[in-house]
There are 2 protein chains.
Amino acid sequence: MAKDRRQMIIQAATKSFSLFGYKATTMDQVAKLANVGKGTIYTFFKNKEELFNEIVTELIKEMKATAEASFDENLSFYENANRALFQILAFRKEHQLTIKLFQEEREIGTPAVLEFMERLEQTVVNYIKNILQTAIDKGEIKQCNPEITAFVMLKLYIALIFDWEQSRKPLEKDEISKLFELYIFKGLSNR
Amino acid sequence: MAKDRRQMIIQAATKSFSLFGYKATTMDQVAKLANVGKGTIYTFFKNKEELFNEIVTELIKEMKATAEASFDENLSFYENANRALFQILAFRKEHQLTIKLFQEEREIGTPAVLEFMERLEQTVVNYIKNILQTAIDKGEIKQCNPEITAFVMLKLYIALIFDWEQSRKPLEKDEISKLFELYIFKGLSNR
DNA sequence: TTATGACCATTTTTCAAAATCGGTCATTTC
DNA sequence: GAAATGACCGATTTTGAAAAATGGTCATAA
């Protein structure tokens, strides 16, 4: 039962963060869930925030892996970007930990959680940026600032998936995909 | 001094809302500023929220007028949309009342203020929607859902003006204009 | 050497008293 | 007598001090 204590602690903390968020998770709670003394946690992690960082760093890695897994060399830039963003935002919606943290960001604004969100956004933007750079180099898309473009693509996706359904009927997956193509890729112009 | 009491009250309330926001403005405060008894306010306005609505309705009208003033029949759809959105978001940044209300939305989330924000967004989307519909009818741009498109355009503008400068160096006005043209109008595709 | 939980300083929560608020209406003003 | 007023009311919010809880430590136990 008490084999790899470090793993037990991470498991327990993940569970608690997912259920209660960062702020409402106590170290006593984690210790109890992990079946270790509280002091033991501090032999593996400097403090609560580092324990949290360990977990969310892993989460971000997983998200990146999911996005990368959906990448297909033979598909167009647009197809790949669309897939990547969709995977990432689907991940957000499906994993209890990210759901809880998004809620905590909005409702409490816990600094550690805000930092995580920034890191997450930066990671996504960087990933899309790479896809963009490749497409630019291949001449598949116009010259453009990859950082700003990646940023805009992410914001567009968030607008279509999250913001739109704040007040209107949610859009279907392939509707979103079509709109994404229209706005960012093809452009509205007829000339 | 006590000429048009209604105007005095509106002036005083506007000042107080601009300085302290909706929640932190008291009816006593407004009465004092307007040099009237508190009861007098209630002979003109049903309650605090209606006084507020009167003022922000006027504000929204002004914004719309500013946007409409910058409209030029002879310019392209892109030019007009860009001008309209720029005017509107510049208005936001320059008027003390909107600045304060945006802050209150983020920091407190006062219901009356949230309602105003929704109304504001809806008005902007509707206005852009009209410009879009005209451009579609003229065949200047592709067939598209004008509501979603207007929504996306607004969100893109907000992303470029407000969100980007949360963490990075603000973009210049003509940079934003160029990016807007690139993403929404021309599209990234080289094919 | 490693694990632990009683312990500590600090922060957060609680909760009741006090203050403040939006709104009313009997009285005053013109 | 119509319009204006501010003392007043019930409801909500703020305050502040006591109590509880929390992150982190470290002397002791395993």
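Computed over heavy atoms, backbone and side chain alike; hydrogens, waters and symmetry mates excluded. Per chain, numbering begins at 1; letters A, B, ... match sequence-line order.
- Remark: P of D:dG23 and CD of A:E49 are 12 Å apart, rounded to the nearest angstrom.
- Partners of A:K142 under the side chain to side chain contact (heavy atoms under 4.5 Å, CB included) rule, at least two apart in sequence or in another chain, are B:L182, B:K186, B:N190.
- Listed by chain and residue number, nothing satisfies the side chain to side chain contact (heavy atoms under 4.5 Å, CB included) test with B:A69 (two or more places apart in sequence, or in another chain).
- Taking the ring pair (Phe, Tyr, Trp, His ring centres under 6.0 Å) definition, one finds that A:F17 meets it with A:Y22, A:F52, sequence neighbours left out.
- Of the possible donor and acceptor atoms, one in the side chain of A:K48 sits under 3.5 Å from a partner among the backbone N and O of A:T25.
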Set out, line by line, the N/O atom pairs under 3.5 Å between protein and nucleotides 26-30 of chain C.
none

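- One atom, CZ of A:F45, and another, C1' of D:dG23, lie 16 Å apart when rounded to the nearest Å.
- Of the N and O atoms on the side chains of A:E49 and A:N53, not one donor lies less than 3.5 Å from an acceptor on the other residue.
- For A:K169 and B:E147, the salt-bridge test fails: no basic side-chain N is under 4.0 Å from an acidic carboxylate O.
- To the nearest angstrom, C1' of C:dC21 lies 13 Å from NZ of B:K32.
- Hydrophobic cluster membership for A:L75: none, as no Ile, Leu, Val, Met, Phe, Trp or Tyr side chain comes under 4.5 Å of it.
- In this structure, B:L19 shares a hydrophobic cluster with B:F20, the cluster being traced through Ile, Leu, Val, Met, Phe, Trp and Tyr side chains under 4.5 angstrom apart.
- The distance between atom OH of A:Y42 and atom P of C:dG5, rounded to the nearest whole Å, is 15 Å.
- Residue A:F20 contributes atom CZ, which lies 16 Å from atom C1' of D:dA21 at whole-angstrom precision.
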Distances under 3.5 Å between protein N/O atoms and the N/O atoms of nucleotides 12-16 of chain D, please, pair by pair.
none

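- Within the structure, salt bridge (charged side-chain N to carboxylate O under 4.0 Å, His left out) pairs that include any residue of residues 62-82 of chain A comprise A:E79-A:R83 (at least two apart or interchain).
- Near-neighbour residues of DNA chain C inside residues 101-117 of chain B, defined by a heavy atom below 4.0 Å, are absent.
- The distance from atom OH of B:Y22 to atom C1' of C:dC21 is 12 Å, rounded to the nearest whole Å.
- Checked against side chain to side chain contact (heavy atoms under 4.5 Å, CB included), A:E172 has the following partners two or more places apart in sequence or in another chain: A:D174, A:E175.
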Pairs under 3.5 Å (N/O, protein and nucleotides 2-9 of chain D):
unit_1, atom_1, unit_2, atom_2, d
D:dA4, OP1, B:R5, NE, 3.2
D:dA4, O3', B:R5, NH2, 3.1
D:dT5, OP1, B:R5, NH2, 3.1
D:dT5, OP2, B:R5, NH2, 3.4
D:dT5, OP2, B:G37, N, 2.8
D:dT5, OP2, B:T40, OG1, 2.4
D:dT5, O5', B:G37, N, 3.4
D:dG6, N7, B:G39, N, 3.4
D:dG6, O6, B:G39, N, 3.3

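- We find that CE of A:M27 is positioned 8 Å from C1' of D:dG24, with the value rounded to whole Å.
- No donor-acceptor pair under 3.5 Å is formed between the side chain of B:T43 and the backbone N or O of B:G39.
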Passes side chain to side chain donor-acceptor pair (under 3.5 Å), A:T110 versus A:E104? Steps please. CA-CA 7 Å; A:T110 320; A:E104 188 169 345; 2.6 Å; yes
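- With sequence neighbours left out, A:I161 forms a side chain to side chain contact (heavy atoms under 4.5 Å, CB included) with A:L89, A:K93, A:Y157, A:I176.
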